[in-house]
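Accompanying notes for the structure given below.
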Amino acid sequence: MPNNYKQLIENNKSWAKKKKEYSPGYFDNLKLRQEPHFLYIGCSDSRMPLDTFTQTEPGELFVHRNIANQVSITDINFLSVLDYAVNVLRVKHIIVCGHYGCGGVTAAYHGLARGLVGNWISPIRDIAREHKEELEAIQDEEKRLNRLSELNVLKQVGNLCKTHVIQQAVAEGRIDFQIHAWMLDLSNGLIMELEYENTQQKTSLTTK
Ligand code: CO
């Protein structure tokens with residue numbers, strides 16, 4: 001694992017050289033525009049570069065990441081990314097992707113995070129409270145935290161549907177995108193699609 005930043009620069013040079021050799025027009029095309037079909041909302045965790053797991057290239061994923069993949073309807077950073085993705089880029093899919101073994105979820109569950117991080121992940125404590133019975137019935141702690149990570153993704157999908165950007169798209173009948181709830185299992189590198197409750201609004205977002 002590189003710990004010298006110069007190694008990263010060297011890696012970059014050799015990557016760019018290989019790309020150009022393999023496809024001479026690659027960077028000419030890349031610099032012209034971006035037309036991604038996917039908005040990826042994920043955890044900041046260094047193990048969560050979805051492009052690697054899905055073999056997608058630069059230009060294919062529009063990305064917003066934060067600790068524990070929160071969809072905060074008061075986060076101007078997130079909301080502007082969503083606005084741009086839906087209203088300008090016109091992405092076809094919005095993916096909220098969590099992961100098992102999420103440190104943010106674990107810290108929230110155990111009340112370990114302090115300061116700004118504690119503040120940021122406090123909504124996950126509310127999710128744990130809302131699903132106390134289900135979670136407490138799971139004996140194995142790892143499995144319980146994994147379920148909480150799933151519930152967190154589902155909650156964030158619900159938050160996404162409540163945003164002005166999505167509500168407006170629904171009101172104007174511009175539902176040309178789907179919303180997906182995913183979990184990444186770092187123990188095998190595989191993506192799992194989560195089912196979520198089909199309220200009328202969500203159904204209209206997922207049946208096209
Ligand atoms: Co995480």
Side-chain angles (χ1 to χ4, degrees), residues 1-3 8 36 38-56 58 60-82 85 91 93-132 134-136 138-163 166 178-197:
M1 194 180 289
N3 61 5
L8 303 186
F38 306 94
L39 167 61
Y40 161 47
I41 301 161
C43 183
S44 294
D45 192 305
S46 61
R47 299 165 296 178
M48 287 294 288
L50 199 65
D51 41 3
T52 305
F53 288 97
T54 55
Q55 297 190 55
T56 37
E60 296 182 26
L61 293 184
F62 199 59
V63 175
H64 177 83
R65 289 168 67 181
N66 62 52
I67 292 175
N69 40 271
Q70 298 297 285
V71 171
S72 165
I73 58 172
T74 55
D75 176 5
I76 193 80
N77 178 359
F78 165 70
L79 293 173
S80 56
V81 168
L82 181 66
V91 295
H93 301 272
I94 303 176
I95 298 158
V96 181
C97 185
H99 65 108
Y100 297 123
C102 182
V105 170
T106 303
Y109 185 73
H110 290 301
L112 297 174
R114 299 277 174 267
L116 286 172
V117 176
N119 209 7
W120 179 253
I121 60 179
S122 68
I124 301 172
R125 290 176 70 76
D126 296 334
I127 301 168
R129 268 191 290 272
E130 279 166 33
H131 297 270
K132 195 167 185 278
E134 180 190 347
L135 291 168
E136 283 183 356
I138 304 170
Q139 296 299 313
D140 183 76
E141 176 160 315
E142 189 182 340
K143 285 186 181 142
R144 194 184 319 132
L145 289 168
N146 285 347
R147 179 58 185 152
L148 180 56
S149 296
E150 292 178 356
L151 292 168
N152 176 41
V153 167
L154 296 170
K155 179 75 175 184
Q156 305 317 318
V157 166
N159 288 350
L160 186 59
C161 293
K162 287 181 202 156
T163 59
I166 300 297
Q178 297 177 336
I179 295 178
H180 308 273
W182 286 6
M183 288 299 295
L184 190 81
D185 188 343
L186 290 168
S187 68
N188 57 21
L190 295 175
I191 290 163
M192 203 179 84
E193 290 190 77
L194 300 177
E195 297 285 328
Y196 60 86
E197 194 188 335

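One-based numbering, in listed order, for ligands and for the atoms of each. Sequential numbering from 1 along the given sequence is applied to the chain's residues.
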>> Run the side-chain contact (heavy atoms from CB on, under 4.5 Å) test against Ala113 and tell me which residues pass, sequence neighbours left out.
In response: Ala107, Val117, Ile121
> Around the Co ion (ligand 1), how many protein N, O or S atoms are closer than 2.8 Å?
Replying inline: 3
>> Does atom CD (Glu134) have a neighbourhood of more than 12 heavy atoms from anything else shown, all under 6.0 Å?
In response: yes
>> My understanding is that only one of Thr54, Val91, Val96, Leu50 makes a side-chain contact (heavy atoms from CB on, under 4.5 Å) with Tyr40; could you say which?
In response: Leu50
> Looking only at heavy atoms, what is the nearest atom pair of Asp140 and Lys143, with distance?
Replying inline: OD2-N, 2.9 Å
> Hey, are the side chains of Glu150 and Asn152 touching, using non-hydrogen atoms and a 4.5 Å cut-off?
Replying inline: no
> More than 12 foreign heavy atoms under 6.0 Å from CD1 of Ile73: is that the case here?
Replying inline: no
